[in-house]
Structures are given as C-alpha cells and as structure tokens.
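What follows is a set of notes on a single structure, which appears directly below.
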Number of protein chains: 2
Amino acid sequence: MAKQRLSKQDWLTAALTALAEGGVGAVAVEPLAHRLGVTRGSFYWHFADRNALLREALEWWEAQGTEAVIERVDGIAEPRQRLRALFRIAITEDPTNGLEPALVAHADDPVVAPALHRVTRRRTAFLAEVYAELGLPAPQARYQAACAYAAYVGWMQLRRATPTALPEIADDPDALTHFVEHLVLAIPDTTPP
Amino acid sequence: MAKQRLSKQDWLTAALTALAEGGVGAVAVEPLAHRLGVTRGSFYWHFADRNALLREALEWWEAQGTEAVIERVDGIAEPRQRLRALFRIAITEDPTNGLEPALVAHADDPVVAPALHRVTRRRTAFLAEVYAELGLPAPQARYQAACAYAAYVGWMQLRRATPTALPEIADDPDALTHFVEHLVLAIPDTTPP
DNA sequence: GGTTTTCCGTACAGTACCGTACGGAAGGTG
DNA sequence: CACCTTCCGTACGGTACTGTACGGAAAACC
C-alpha cells in the first residue's frame, strides 16, 4: 500500500508533520521511519543526521509558507484587499497547521532560530509596507505590522491548541471576518484621554 | 550557596523555568536535579513521577497567571482602564516568560491539554465580559475577546522567539502603547464596502 | 540525647533514541 | 543478461533518560 522506495521529500513532509504535531523533539528518526514503514537505514542514506533533516524541512517551509503566499497577493492593487487576501490565505490555507507554535517553543534551537528570524522579518516587513501604503507614517506602520502579525500568530496558535475552548476561532466564518477586518482597519489615533 | 534540602516548590519553579525554556520535553528529572544540585533521589521523594511534577506545576501556573491577575484588576470601575491595566500587567509582569508557547506546542499532551483549556476559557470569558460592558453585543464581544486574546498570545510568543527580528516588540514603550490601545478600542462596524 | 520523621544518595534494571558500518535487494542501463 | 547505482535492512555500540529499591545522613521532636 505504501511506497516501497522513499524520496527525500517524503522524509521532509513527514518531518514537518511530526514537527507540527509534537514539536522539535518529535522530529526523531526512528519514529518517523516507523511511520513511513521503513527502517532508519533509509534515513541515513538521504540525510547526514537529524539536524540536516530539520534544517532542510524548515527551508522548505520557509519558501512555501512565506514567499509563495506573498507572491500570490502582491499583484492586488488595492492595499486593503491585498491585506484581506493575505490574511485569509495565511489562515485558511495553512498546509502545516500548528507548525509555528512548535518552532517558537524551541526558538533557542540553533537550527530553528535562523529560519524563524528570517520568516518573521520578511512577513512583518511586507505588512509594514502595506500599512505604509495605507497612509500610516513609517513608525506607526511598523507598530501596526507587529500587532497584526502577533494577532495572526496567536490566532493560529489558539486554533490549534484549544479549538474546543474557543469554538468561534475554529470554524465560525463571522469570527474570521471580524478578525480580518480588525487587522485590516488600522487605528489612526491612539492617544488615551 | 544553594539550599541543602529542597522543598516541593523548588521543584515546581524549576520545572516551570525549564518548561518555558525548552518545552515539555525539557521537564526531565535528571537535568532538573543536576541544575538544582541534587540527585534524582530527591525528586522521587516529593513526586510520584514526571507527570505529577508537570501537572502540579501547571496547576500552580494556572492559579498565579490567571486568577491572581484577574483579581488585581477586577476592582477597576472603568472598563477601558480595566483592560489597559489587564494587558499591561499580563505583558510586562509575566513571571514565566515564554511558557505559553511551550504549552501550545504540546497541546495534545494529556497533562497539558486540560490546563490550557481551562486557562483559555477563563481568560476569554473575562475579556468578553469587559467588552460587553463596553457596549458590544454578546457575539461581537466574544469575537473581540478572541481577537484580543490571540493578539496577546502572539505578542508574548514573538517577544520571546524573535526579539531581534522585531525589536519594537521587545522594549519599545510606544509600540506597547500602540498595541494595548489596539486591543482596548473595539471596532464597532466591520462590514466591508 | 535518643528516636522518629524527613529528605537525599547510590545502585540497578529498563526504555528509547542516535549514528555508524556493512551487506544486500531493487531498479535502471548498456 | 551482466553491471552499476540507488536505496534499504540488520547489527552494533553509545548516550540520556525513566522509575524502583534500599540505605543512610540531617533535621525535628520530646
């Protein structure tokens, strides 16, 4: 039923799945081999060691989960529509659900840290550009980008961790709309009375 | 220099520190014993096993990090001021920084899941109450509570994971103000044109 | 100050994973 | 069909952790 011979990509996708489910510690050669129906002999032909698998898996995620999405929405002329499309894609089409919390939990890992750093910078920079295009001055645009990205990250996190405790976050389209509009509409004046 | 004899609480705080730093997998008896300057013989007198330590540590965190904060701000009459105080306390006075991402990353853990569930429900319920007090109808209040709590969770997560990639999130008081006001000011009308 | 309780060290299996070395089967190539 | 490359299984040693059993020191009590 399963493939007899595995490719490198098979191991990468399996690693990303395990990473999203059980964190960095779950990216272990023996359990993955067991799940793939082979022995560890297969792994050590494709990869040098466990860290190599982790590094390559993160590089693949970095490309698919960031650059690909940005390219898809970069052609939308109207900034607000561009933001809406971006958030909706990022939230609803996430192929590796729950991967980001797993990475953040091991942000001190020497393999995880660089990938996380690059992705965060790339995404917040893109957001800040759009908010600036909407008329916010540069510092405000960066603040707003940080807020929006934090909200996105937290949303993904809660949806994965506690879907039953927060039912509207899982499958309520109205809640999603509320959330997206909350991110799109930047608040101009924030000085408390 | 270090205490000769340890109490149960010593193990609990050490477990929470390790949990915040290295995730659930880092709550291991032998490394903790080494860090505390004792052997594992000490541990197995205080606790039945590793899961017991994890469970009790989470219960302690649950009480300190949720109920205690809510009680502190519950006396503030003005709802907006109550929200501001709540968020500022939760963000700036978090004693166990980075613990939540570690928990979310192992949300499927049978010990972690119940604690996470209870905390999420308690916090979002409190937020929804305040937003309702601000005039939002019940569903909107719940949506807004979910948004605000997601933003808070993501903020804590980013601050711990990528402080260098997002410098304003770490130690910029203006960014913090922007963020808090972004959460306090609920957006009434969200229908896109 | 002797006894009891509290706490910790030591020693012993047992488990799960890593990485290496090597042999051999499966699959393409001439 | 020989041959060579690609891929995988097996076997070995090593590391790190878990939990248990038991003895003994350190504090507390009267």
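Throughout, protein chains are lettered first and strands after them, A, B, ... in sequence-line order, and every chain is numbered starting at 1.
In terms of the side-chain contact (heavy atoms from CB on, under 4.5 Å) criterion, residue partners of B:R122 (sequence neighbours excluded) are, by chain and number, B:T66, B:E67, B:I70, B:F126. Every residue meeting the side-chain contact (heavy atoms from CB on, under 4.5 Å) condition with A:T96, not counting sequence neighbours, appears here in chain and number order: A:L16, A:W61, A:D94, A:L99. Under the side-chain contact (heavy atoms from CB on, under 4.5 Å) criterion, A:P79 pairs with A:R82, A:V130, A:E133, A:L134, sequence neighbours left out. For B:D109, there are no side chain to side chain donor-acceptor pair (under 3.5 Å) partners, not counting sequence neighbours.
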Reading nucleotides 17-30 of chain D 5' to 3', which nucleotides get B (base under 4.0 Å from a protein heavy atom), which S (sugar-phosphate only), which -? SBBB-----SS---
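Distance CH2 (A:W45) to P (C:dG19): 18 Å, rounded to an integer number of Å. Regarding A:L54, its CG atom lies at a distance of 12 Å from the P atom of C:dC18, rounded to whole Å. Residue A:K8 contributes atom NZ, which lies 13 Å from atom P of D:dT6 at whole-angstrom precision.
Note on ring orientation: taking the six-membered ring where Trp is involved, the planes of B:H182 and A:H182 are tilted (angle from 30° to 60°).
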Using residues 100-107 of chain A as the side-chain source, report each donor-acceptor pair under 3.5 Å to any protein atom, sequence neighbours left out, with the distance given to one decimal.
unit_1	atom_1	unit_2	atom_2	d
A:E100	OE2	A:R123	NH1	2.5
A:H106	ND1	A:A102	O	3.3

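Not one side-chain nitrogen or oxygen of A:H46 sits closer than 4.0 Å to the OP1 or OP2 atom of D:dT6.
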